[in-house]
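Reviewing the structure listed below.
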Number of protein chains: 2
Amino acid sequence: MKSYREYCAVAQALDVVGERWTMLIVRELLIQGPCRYTDLRNGLPGIATNLLAERLREMEKAGLIRREDAPPPVATTLFHLTDRGAELRPVVDALGRWGGPLVTRPIGDDEFRSHWLAMPLELHLSDHAPDRAPITIEIRAGDHPMLVETVDGKVRARPGRAEHPDAVLTGTGSQVLGLLLGHLDLAEAKRRGLQFEGDSEVLDRVRPRITETV
Amino acid sequence: MKSYREYCAVAQALDVVGERWTMLIVRELLIQGPCRYTDLRNGLPGIATNLLAERLREMEKAGLIRREDAPPPVATTLFHLTDRGAELRPVVDALGRWGGPLVTRPIGDDEFRSHWLAMPLELHLSDHAPDRAPITIEIRAGDHPMLVETVDGKVRARPGRAEHPDAVLTGTGSQVLGLLLGHLDLAEAKRRGLQFEGDSEVLDRVRPRITETV
DNA sequence: CAGCATCCGCTTTGATACTG
DNA sequence: CAGTATCAAAGCGGATGCTG
């Protein structure tokens, strides 16, 4: 991208991360950790493969990412965020908070990847009863199951299945988000097609308290 | 800009504010308040006039700004941020923090407008002696003079001159920023060409304490 | 002057095909 | 798996002109 050539921190930040796709590549690496090229392409539906390659080169030169050859048996290149790249988290978080109200509507024909849930869930949920036994919620939406776990007063989300989850949510991304972020109560979410099994009390334990305008 | 078509708050935020110039228009309106078309164009050196007009239309449709006919004697159109638009401040702040380290180098041939100083100064400075009499620093850098004032434990910057400022800084944008953000001590800043008049103790009163990595 | 619209050359993007 | 090559279409920057 052409530089703005302004002596202003905001403009110079945008010179580095303002180009199309760049912040979304950062998002992918923040959520998923080190990724293969193919993982990135799957997490960025619609990106042209030449553009992904080009952005990765630019981001490496800008010091945002580092490319590392994984040792066997993986034996492939992994793209890592550098420390400087990881410092973009506040920017991604701020964008995610601001964009929150835009994803309260149903999902339409937008693309969806289940790992994208990790960001809003970790941003808006927390464990209101950190002294009780930790809980696990399994989410089945999108391309692969996700686990939501309480740890240390916070909520962590990661891909995976649980042996004995306290609850299982099955539905679309917007149904799951609507229920967990508190826009929909359980009855309404079910009416819209969400399946819920398990202990409904876990919801009140993690959902945002003062209905933040999410 | 073409939509990413992803069901993700970050991507949908970028669908609205990710296009070239948009965040910088928000920056201008956050710093300057309601602006005329001409004010915006002056604060965005390098923007093509057709692009500014197009962005303003898009931003109005997206609910970020509102256009209002100022009453006489001004009698011109003023572009305001809506509440929703003003909620982008955390995004701009996060970008400004991340970009901070990029503007520690000298100014080179980048464009500079003195009102851009307001953002880093209000972001990084604060009044460490809020119980003492408020102070005023006048800054002469760039296109017009700025005032830095302590109020309520915080620091406010705005265009203007002071009758009896506690200090006057004259130099380039990078010299002024270097001194006030604490990368340069007074001696070093002077050696680089900054002129300082007044009480040098005001510096320690407002400069960041634990030299944050700005 | 303030607030645009038009035109034109150039760059960036997106879609697809192909390769070590 | 991890890219490169190609090409049409869209977006951008600069210059200029128009209207109240």
CA sep, side-chain torsions, deciding dist, call: Glu122(B), Arg156(B), salt bridge (charged side-chain N to carboxylate O under 4.0 Å, His left out): CA-CA 6 Å; Glu122(B) 297 189 354; Arg156(B) 290 295 152 212; 2.9 Å; yes
Apply salt bridge (charged side-chain N to carboxylate O under 4.0 Å, His left out) to residues Asp109(B) and Arg5(A) and explain how you reach the verdict. CA-CA 8 Å; Asp109(B) 60 348; Arg5(A) 308 217 60 111; 2.9 Å; yes
Quiz: residues 40-50 of chain B side-chain donor-acceptor pairs under 3.5 angstrom, not counting sequence neighbours:
residue	atom	partner	partner atom	Å
Asn42(B)	OD1	Arg113(B)	NE	3.4
Thr49(B)	OG1	Tyr37(B)	OH	2.9

Global bending angle along the helix from dC1(C)-dG20(D) to dG20(C)-dC1(D), which compares the axes of five pairs at either end, to 10 degrees: 30°
Indicate yes or no: at least one non-hydrogen side-chain atom of Tyr7(A) is less than 4.5 angstrom from one of Arg105(B). yes
Using whole Å, what does the distance between atom C1' of nucleotide dG3(C) and atom CG of Asp39(B) come to? 12 Å
Near DNA chain C, counting only heavy atoms under 4.0 Å, which residues of residues 13-38 of chain A show up? Glu19(A), Arg20(A), Trp21(A)
Trace of the side chain to side chain contact (heavy atoms under 4.5 Å, CB included) decision for Leu102(A) with Asp15(B): CA-CA 10 Å; Leu102(A) 303 174; Asp15(B) 281 346; over 6 Å; no
Report the distance from atom CG of Leu78(B) to atom CG of Asp69(B), rounding to the nearest 0.5 Å. 8.5 Å
Side-chain touch Arg67(A)/Leu56(A), heavy atoms, less than 4.5 angstrom: yes
Can you tell me the distance, in whole Å, between the CG atom of Leu44(B) and the C1' atom of dC12(D)? 15 Å
Strictly by modelled atom types, are Asp166(A) and Thr136(A) linked by a side-chain donor-acceptor pair under 3.5 Å? no
Interatomic spacing from CG in Leu81(B) to CG in Leu88(B) - rounded to 0.5 Å: 8.0 Å
Tell me: CZ of Arg5(B) to C1' of dG14(C), nearest whole Å? 15 Å
Rounded to whole Å, the CG-P distance (Asn42(B) to dC1(C)) equals 14 Å
Mapping Glu54(A) and Arg41(B) to their closest nucleotides on DNA chain C, which lands nearer the 5' end? Arg41(B)
What's the CE-C1' distance between Met1(A) and dT11(C), to the nearest Å? 13 Å
Spacing of Leu51(B) atom CG relative to dA5(C) atom P, expressed in whole Å: 12 Å
Could you run down nucleotides 15-20 of chain C 5' to 3' and tag each one B, S or - for protein heavy-atom contact under 4.0 Å? BBB---
Spatial distance of atom CZ (Arg55(B)) from atom CE (Met1(B)) [nearest 0.5 Å]: 8.5 Å
Cation-pi between Arg89(B) and Trp98(A): NZ/CZ under 6.0 Å from ring centre and within 45° of the ring axis? no
Residue-level proximity of residues 56-67 of chain A to DNA chain D when a heavy atom falls under 4.0 Å: Arg57(A), Arg67(A)
For residues 24-34 of chain B, which residue pairs qualify under side-chain hydrogen bond (donor to acceptor under 3.5 Å, both in side chains), counting only residues two or more places apart or in two chains? Glu6(A)-Arg27(B), Glu28(B)-Gln32(B), Glu28(B)-His115(B), Glu28(B)-Trp116(B), Gln32(B)-His115(B)
State the NE2-CZ distance between His183(B) and Arg207(B), to the nearest 0.5 angstrom. 10.5 Å
